[in-house]
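Below is one structure; the comments refer to it alone.
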Amino acid sequence: MSAKPNSPVKSLASFDKDLAEISIRGQWQYDEMLERLIGGPKTAALPMMWKWDIVQRKLMEACDVMAESFTARRNLSFINPGLERGGTSQTILAGMQAVKPGEVAWAHRHPISALRFVMDGDPKLFTVVNGEVLTMETNDLVLTPAWTWHDHHNESDILGVWLDVLDVPLMLSLGQMAYQPLGETTQPIRAERHNYLSERTGVVRPLWEQKVGGSMPRRYPWKEVKRQLDLFCEGGPASPYDDVILEYVDPTTGGSTLPTLRCCVQRLRPGFIGQQHRRTASTVYYVVEGEGSTRIGDTELHWGPRDVFVVPTWVWHEHRCGAGGQAATLFSVSDAPLLEAAQLYREEPESQVGRRSAPLPPLDARKA
Ligand code: 1HN
C-alpha cells in the first residue's frame, strides 16, 4: 500500500495567522529576512551629514524659541532618516547643545552613557558630574557615564555650544531606558578638590586609598590631546585608512572612554588619501578643523569645520584630506567597545586596531 500524499488542510498563510493569534511565530517567517541579510550586517542607517551653517542657524533659532533650557536641554539631535527608532546610527545619538550665559541645564541622570565635545568653550562653562566640576574649554572632551548625576552651567559671557554623543538608541533597544530628575537645579559640588575621584586617575594617586575605577567624572583637556596628536604627526607610519588616529583612554583600564563608546581623534595630514575599509562598528564624526571628503558606499560627503557625519555599520568608506594643503582633524565616536565585548567587532580588509607593536628600545631596534 502506498503512503497517502500529505494533503494540507489549510494554507501556510492561514496557519501563520492562527499562530500569531496565540503569540507564536514559525521560524520560516524569518527566511525572507535572513536571505536579505546574506553578506551583512546590513543596516538601514544612511550615510548622512549635518552641515554646521544649517545647524548653527537652527541652534540660534532654538535660543529664541526656547528661552530657558531648564530640565529639557537645548539640544538638536541628528536623526538618521533610515532608522525607525531615531538615532544618528543604530546605537548612537549625536546632537548639538547651546547653553546661554547664566543658564543651568538641570541635574538629572539616566542609564545612557554620554559625552560632550566642546565647540565654543570657556573656563567658566562647566558640567558638574557626581559633584565634580568639569571645565569645558574649546575642544575638551567631558564624560557623563551611565547613571552619573549631571548638570550644565554657563557662568561665562559667551554662548556655550558642544557636541553631545549618547548611546540612546542602544539603551532603547536593550529596554534599559530610565530617567531620574534630581528635582533641583544643581547637585551639591564636592567642597574640596582633593576629594575628587577624578583627581585619583592622573599620573599619581594616594597610596593609602583603594584604587578607583568604573564610571568616573572625566575631562580630557584638548591641550594635552593636541600635544600628543601633534607629536604623532611628526613622522612614522600611521593607519593607511585613518592616518594618525588616537584613542581616548580610560586611565584606570587602558580601554575605551566608556563601556559602550570609543572616542578617537585623528588627523589626516595634507595629501592623505585613505584606503577603503569597513567595520561592524558605526561611527559619528565631528570635524574639529580643516576640510576633506569621505566616500561612504556610493555617497561622497565633502566636509568642513563643525560638520557632523555618520559612517553606518559595515559600509566601505574612505577618507581624504582636502586639497588646500591644510591638515584635517576629526573627532569620532563609535560603538566598537560594545561590539568587542560581544565578540562582534570586525574590520575588512584587515584589522587595524593594535596591529603593530610599540617601538622597541633603540638598542634592541638596532639588533633587529
Ligand atoms: C541628555 O540628557 C542631554 O544631559 C543631552 O545634556 C541630550 C538627548 C536625549 C536624551 C537625553 C544632557 C540628550 C539627553
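Whatever order the structure lists them in is the order used to number ligands and atoms, beginning at 1. All residue numbers refer to positions in the sequence shown, counting from 1.
Both the sub-6.0 Å distance and the 45° axial angle are not jointly satisfied by Arg295 relative to the ring of Trp316.
Residue-level proximity to ligand 1 for Leu166 is carried by the side chain, the only part with a heavy atom below 4.0 angstrom.
Checking each of Arg205, Arg193, His194 against Glu199 for a side chain to side chain contact (heavy atoms under 4.5 Å, CB included) leaves exactly one that passes, namely Arg193. Screening Tyr285, Trp162, Phe117 for a ring-ring contact (aromatic ring centres under 6.0 Å, His included) involving Phe331 leaves a single residue, Phe117. Screening Arg73, Gln97, Met96 for a side chain to side chain contact (heavy atoms under 4.5 Å, CB included) with Asp164, the sole residue that qualifies is Gln97.
Counting only heavy atoms of the protein, atom 7 (C) of ligand 1 lies nearest to Asn75 ND2, 3.6 Å. Residue, atom and distance of the protein heavy atom nearest to atom 6 (O) of ligand 1 are His152 NE2, 2.7 Å.
Geometrically, ligand 1 and His150 share a nitrogen or oxygen pair separated by less than 3.5 Å. The shortest N or O to N or O distance between Arg73 and ligand 1 is below 3.5 Å.
Salt-bridge annotation for Glu68 and Lys100: absent, with no side-chain N of the basic residue lying under 4.0 Å from a carboxylate O of the acidic one.
The residue from Thr144, Leu93, Ile112 that puts a heavy atom closest to atom 9 (C) of ligand 1 is Leu93.
Which parts of ligand 1 touch His108 is read off a 4.0 Å heavy-atom cut-off, strictly below it: atoms 2 (O), 4 (O). Atoms of ligand 1 found under 4.0 Å from any heavy atom of Gln97 (numbered from 1 in listed order, with element): 5 (C), 6 (O).
The line from CZ of Arg219 to CZ of Arg116 is 15.5 Å long, rounded to the nearest 0.5 Å.
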